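What you are looking at is a predicted structure, and each value in this text was computed from that prediction instead of being measured.
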Amino acid sequence: MQVQNNKREKIRVILIEDHKLMRVGLKSLFEKYDDISVITEAEGGKEGVEKVKIHKPDVVIIDVGLNDISGIEAAKRILLNNSDTKIIMLTSIVNPDDVMESLKAGVYAYVLKDINSEMLAMVLRSVNDGAMWLDPKVVPIIREHGSGVVPAKTKNRANFKAAHANLTEREYEVLKLVVDGKSNHEIAQILKISEHTSKAHVCNIIQKLVVDDRTQAAVKAIKEGLV
């Protein structure tokens with residue numbers, strides 16, 4: 001059964017990944033969603049750059065470690081010719097140099113491959129809408145390098161709660177799990193509540209933080225020093 005979404009046109013995606021199994025897995029994942037379409041794929045950076053020129057996708061997902069040119073170099077070449085294209089960098093290892101070079105190149109998201117499928121789909125939608133998304137594991141790296149992408153961690157839990165006093169203690173706990181990439185089902189299991197209650201908490205958080213979805217709620221929490 002496909003996830004229905006009648007409010008938006010399909011997001012056109014190109015996958016650049018040198019591992020066939022990973023490409024097949026990503027393509028299969030996105031086929032569950034009616035608003036996402038993988039229009040073509042490439043196993044190398046150079047091939048990917050050329051396909052982006054031809055197809056002009058909305059979003060490109062690139063593996064950092066490709067066999068010919070790096071994913072970072074591919075991103076630079078793509079944005080040189082297609083500045084409106086949104087790029088999601090995908091990796092299995094957190095390398096500080098790769099993180100910083102990717103952000104300098106102009107990518108919109110830096111994602112680890114252990115992300116769950118629901119969160120990856122939300123990241124893709126958020127990036128397509130112009131938002132930035134960073135895996136929580138790379139945030140300390142960015143702060144340490146003083147890039148300005150993420151502000152220094154001047155706020156703590158008390159500061160964040162003071163700024164968002166309308167969040168209940170339970171909603172705060174749920175928000176931290178959303179930042180960790182947990183699904184409603186996983187949140188329900190961790191907090192020993194029903195999945196319906198978990199979903200209700202997430203909806204309330206989105207409403208109270210004045211954001212559009214859980215991905216933006218996570219980004220806001222990261223930017224304001226929750227994690």
Counting only heavy atoms from other residues, nucleotides and ligands, does the tally under 6.0 Å from CD1 of I93 exceed 12?
no
List the atom of S117, the atom of Y33, and the distance in Å for their closest heavy-atom pair.
O-OH, 4.0 Å
Are the side chains of M132 and V127 in touch, meaning some heavy atoms are under 4.5 Å apart?
no
Can you tell me how far apart CD1 (I88) and CG (D63) are? Round to the nearest 0.5 Å.
13.0 Å
Distance, nearest 0.5 Å, that separates CG of L103 from CG of L134
6.0 Å
Quick one: closest heavy-atom pair of V107 and A75, and the distance?
CG1-CB, 4.3 Å
Should K137 and V99 count as side-chain neighbours, where that means a heavy-atom distance under 4.5 Å?
no
If the condition is salt bridge (Lys or Arg N to Asp or Glu O under 4.0 Å), which residues does E41 pass it with, not counting sequence neighbours?
R23, K27
Short side-chain to backbone donor-acceptor contact, D35 and K10, under 3.5 Å
no
What pair of heavy atoms forms the shortest contact from A74 to V49, and how long is it?
O-CG2, 3.8 Å
I16 and V60, any side-chain heavy atoms less than 4.5 Å apart
yes
Test item: V59 and I87 side chains (from C-beta on) under 4.5 Å apart, heavy atoms
no
Does K46 come within less than 4.0 Å of E50, counting only side-chain N to carboxylate O?
no
Just wondering, do L177 and I190 contact through their side chains at under 4.5 Å, heavy atoms?
yes
I69 and L66: which non-hydrogen atoms are nearest, and at how many Å?
O-CB, 3.1 Å
Does a salt bridge link E173 with R170, judged by any charged N lying under 4.0 Å from a carboxylate O?
yes
Kindly give the heavy-atom pair with the smallest separation between P57 and R12, and that separation in Å.
CB-O, 3.5 Å
Distance from D135 atom CG to M119 atom CE, nearest 0.5 Å?
9.0 Å
Side-chain heavy-atom pair Y110, V64 within 4.5 angstrom cut-off
yes
Sequence neighbours excluded, every pair satisfying side chain to side chain donor-acceptor pair (under 3.5 Å) that has a member inside residues 76-92
E73-R77
Step through the shown structure and confirm whether more than 12 heavy atoms of other residues, nucleotides or ligands are within 6.0 Å of NZ on K182.
no
Carboxylate-amine/guanidinium proximity below 4.0 Å for E118 and K32
no
Does anything in residues 190-215 form a side chain to side chain donor-acceptor pair (under 3.5 Å)? List the pairs, not counting sequence neighbours.
E171-K208, N184-R214, H185-E195, S194-T197
Gap separating the NZ atom of K220 from the CD1 atom of I206, nearest 0.5 angstrom
12.0 Å
Test of understanding: clusters of I, L, V, M, F, W, Y form through side-chain heavy atoms closer than 4.5 Å, transitively. Do L80 and Y108 belong to the same one?
no
State, with a plain yes or no, whether a side-chain heavy atom of F30 is found less than 4.5 Å away from one of L124.
yes
Intermediate values then yes/no, side-chain contact (heavy atoms from CB on, under 4.5 Å), D58 and V13:
CA-CA 6 Å; D58 301 306; V13 180; over 6 Å; no
Do I54 and T40 come within less than 4.5 Å of each other through their side chains, counting heavy atoms only?
no
Do you know the tightest heavy-atom contact between A109 and V123?
CB-CG1, 4.1 Å
Going only through I, L, V, M, F, W and Y residues with side-chain contacts under 4.5 Å, is there a path from V24 to M22?
no
side-chain contact (heavy atoms from CB on, under 4.5 Å) between V38 and I14, worked out
CA-CA 6 Å; V38 176; I14 287 181; over 6 Å; no
Look up atom CG in D114 and atom CG in L120, then write down how far apart they are to the nearest 0.5 Å.
11.0 Å
Drop me the distance from L15's CG to L26's CG, to the nearest 0.5 angstrom.
5.5 Å
Please determine whether the number of non-hydrogen atoms from other residues, nucleotides or ligands lying under 6.0 Å from atom CD of E43 exceeds 12.
no
